[in-house]
Amino acid sequence: MSEETKSLNFLEHIIEEDLANGMSNDSLRFRFPPEPNGYLHIGHTKAIGISFGLGLKYNAPVNLRFDDTNPAKEEQEYVDAIKKDVSWLGYQWAEECYSSDYFQQLYDWAIHLIKEGKAYVDSQTSEAMAEQKGTPTQPGVDGPYRNRTVEENLDLFERMKAGEFNEGDHILRAKIDMQHVNMLMRDPIMYRILKKHHHRTANDWCIYPMYDWTHGESDYVEQISHSLCSLEFKPHRELYDWFLDQVVDANKLRPKQREFARLNLSYTIMSKRKLLKLVEDKIVSGWDDPRMPTISGLRRRGYTPESIRKFVETVGVAKRENVIDVSLLEFCIREDLNKKANRVMAVLNPVKLVITNYPEDKEEWLEAENNPEDESAGSRKIPFSRALYIEKEDFKEEAGNKFFRLKLGGEVRLKNAYIIRAEHVVKATNGEIIEIHCTYSEDTSKKVKGTLHWVSIKHALKAEVREYDRLFSDESPDSHADKDFMEFINPNSLKTIEAFVEPSLANANVGEQFQFQRLGYFNVDEDATLEKLVFNKTVGLRDSWAKQKPKQQNGNSQKPQKTQPERKAISVIAQLGKKYTNLPEEKQLKVKAEIQELAKKVPYEDLEPLFGTAAKKAGTRIAVMLTLGVLLKNGLEKNEAINDFISKASNDKNELLVTEAKALL
RNA sequence: UGGCCCAUGGUGUAACUGGCAACACGUCGGUUUUUGGUACCGAAGAGUCUAGGUUCGAGCCCUAGUGGGCCAACCA
């Protein structure tokens with residue numbers, strides 16, 4: 001088990017430190033706390049992966065806790081969907097918890113706070129309270145009800161609970177500090193009246209606790225050691241700790257909140273509210289539309305749990321804002337499916353190909369390997385006959401020798417079958433090629449450049465294939481202050497094609513995944529019926545030919561990559577010098593030579609200012625000295641500044657510098 | 001007229017108590033190949049936002065600046 005130890009992320013460092021400081025491994029406990037008000041998306045996967053991943057790593061329990069404190073937005077449907085998604089991802093929670101399980105405890109603690117004079121009932125309008133709250137740059141002011149007596153507060157709060165008041169009449173607030181620099185500490189609301197049916201507690205309660213009052217206390221009840229959430233909760237930490245301070249028992253574990261940067265994916269959005277809009281506006285067919293970044297969407301699209309977990313792991317955890325390129329997600333799914341998906345042949349944009357020397361009524365069933373990556377996948381038989389379909393793209397009447405596919409007079413291999421030669425084409429009146437006539441040879445041992453996939457027309461099955469493109473045309477659609485994300489909707493994100501697939505697919509099951517050879521990975525959509533197959537394109541294969549084509553079009557086109565302006569030689573030298581004294585001798589020689597080479601390009605005007613380099617920066621001075629040496633050798637006259645610089649350096653305490661200086665004396 | 005957080009190749013993440021900036025994706029080239037896939041080999045690409053400071057030595061510590069993000073819902 002001497003696997004190379006992977007470096008730890010900052011959360012793991014925190015845990016290691018806690019462990020080193022005496023926390024026992026047994027007290028490690030994590031939680032994933034979604035609000036059941038929508039579907040989970042790829043962004044949540046990161047949070048899930050972090051907490052559950054830590055649970056796996058430290059062999060610690062992880063709770064799934066539904067943060068259900070707002071009955072106006074939450075529904076059982078979402079609870080079920082979330083549970084399904086988390087288990088589908090392959091994680092097992094220790095306990096299924098609900099914030100609503102703690103309503104009574106929270107209420108009791110609230111009473112305690114009131115009695116301590118740390119919470120009070122406010123009876124103003126929300127507008128009035130907002131006004132008193134101030135702004136980030138202006139302190140707030142105390143409201144008129146702030147100093148109600150404990151008795152009055154107790155009485156009012158009990159009557160709030162008893163349902164005597166209407167929504168909005170009163171709220172319970174913590175009494176902290178209206179002038180606090182952190183807005184969240186300006187007497188935050190703990191309870192509001194909500195006369196709504198709750199999906200679990202039904203009508204037992206008409207007062208509901210707010211997030212801040214609930215979250216830390218729930219972590220405490222569950223004895224969560226590390227409560228991990230995304231960065232926007234950082235300002236809440238102070239409140240989290242304040243609320244905890246009011247109730248913790250010194251003998252029990254005190255949870256700590258730590259924050260990480262949430263995941264952003266290029267060309268998509270990650271906000272539940274905005275995703276909901278796509279659903280409501282019928283831009284997509286539902287939360288599980290294969291174009292959606294939801295877990296259910298990705299699942300339907302053909303992403304595997306393994307690939308998503310790999311993705312999250314690869315992405316890492318830190319505190320910096322990030323936008324991850326979708327290409328990484330695509331890499332993860334390709335890598336996984338390459339190993340798992342059986343290969344089949346399907347033609348998406350067909351053109352008819354007739355093998356003129358193949359008998360009209362003959363058919364053969366040829367052996368085809370199911371997966372070259374997996375011997376145990378075995379093989380199957382596929383039918384071959386005189387009339388086939390191949391991809392339109394795979395034939396050109398004329399083409400250069402970079403084109404490995406079929407052209408007139410050229411030979412190509414039909415995958416798992418014979419080698420054919422294109423003899424001539426039949427065109428429609430509009431010039432479109434409608435048939436390619438070929439001859440075949442049974443000798444399959446010959447080397448040819450290209451191999452094409454195909455289906456036998458007589459045996460092929462029709463299938464609907466849905467190809468997806470990104471939903472948005474902008475890399476970061478919801479981060480434009482001046483534009484709405486809806487403006488970037490890609491109108492062509494779904495393309496439906498009538499395709500022809502090999503007959504072995506007749507009994508493919510919903511969800512089953514295949515590689516359509518040379519095209520990509522596809523799975524059977526749930527819309528498929530006995531009569532009609534429906535496939536989703538999960539992701540295409542890497543295609544280095546597709547990348548070639550644009551290059552050829554604009555001739556010897558220049559790369560789109562930005563060429564960086566060349567750095568000034570002197571700044572490179574200074575950079576190199578900085579580390580000079582720190583290097584092992586061998587490398588020093590290398591760098592020295594490098595500096596001397598660069599020095600040839602340095603004008604004296606660039607060099608002189610560096611004579612003033614602080615005495616301490618020996619490395620830089622050495623680099624300057626080396627450069628100067630080259631300039632002098634190339635005919636530069638010594639002047640006062642130069643002599644001064646050299647003489648000072650030759651008396652330096654750094655031996656390397658002294659050596660170089662003396663060489664110039 | 002504030003507070004907090006962040007800053008390393010195109011992207012993301014590393015770099016242990018300060019000591020030769022690494023890994024993955026992507027890009028480019030090559031080898032193999034009955035998938036222009038896979039696998040394998042190789043290359044380019046950052047000198048760590050800027051300016052100071054501490055140090056023999058700074059991506060890492062300190063100060064200031066710059067840039068970005070977050071903070072004013074009876075949402076979570």
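As a basis for the values below, the full set of heavy atoms in this structure was taken, side chains included, without hydrogen atoms, waters or symmetry mates. Keep in mind it's a predicted model, so treat the numbers as computed, not measured.
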Pick the C1' atom in B:U11 and in B:A7, then give their distance to the nearest Å.
-> 15 Å
Dump every N/O contact between nucleotides 21-25 of chain B and the protein below 3.5 Å, one line per pair.
{"residue": "B:A21", "atom": "OP2", "partner": "A:K579", "partner atom": "NZ", "Å": "2.9"}

Residues forming a side-chain contact (heavy atoms from CB on, under 4.5 Å) with A:E330, sequence neighbours excluded | A:Y303, A:R334, A:V539
Taking only residues two or more places apart in sequence or in another chain, which ones pass side-chain contact (heavy atoms from CB on, under 4.5 Å) with A:S271?
-> A:R273, A:K274
Go through RNA chain B and write down every stem, that is, every run of at least three consecutive Watson-Crick or G-U wobble pairs with distances under 3.5 Å, as range with range.
-> B:2-7 with B:66-71, B:10-13 with B:22-25, B:27-31 with B:39-43, B:49-53 with B:61-65
Is there a donor-acceptor contact under 3.5 Å linking the side chains of A:E367 and A:S379?
-> yes
Strictly by modelled atom types, are A:D325 and A:S327 linked by a side-chain donor-acceptor pair under 3.5 Å?
-> yes
Should the pair A:F157 and A:Y107 be assigned to parallel (<30°), tilted (30 to 60°) or perpendicular (>60°) ring geometry?
-> parallel
Sugar-phosphate means primed atoms, P, OP1 and OP2; the rest is base. With that split, encode nucleotides 34-42 of chain B 5' to 3' as B, S or - using protein heavy atoms under 4.0 Å.
-> BBBBS----
A correct 5'-to-3' footprint of nucleotides 64-69 of chain B, with B, S and - meaning base, sugar-phosphate only and no protein heavy atom under 4.0 Å, is -----S
With a non-hydrogen cut-off below 4.0 angstrom, is A:H13 in contact with a base, only sugar-phosphate, or nothing?
-> sugar-phosphate
To the nearest Å, give me how far apart CD (A:E131) and P (B:A73) are.
-> 13 Å
Nucleotide B:A73, atom P - distance to CZ of A:R173 in whole Å | 12 Å
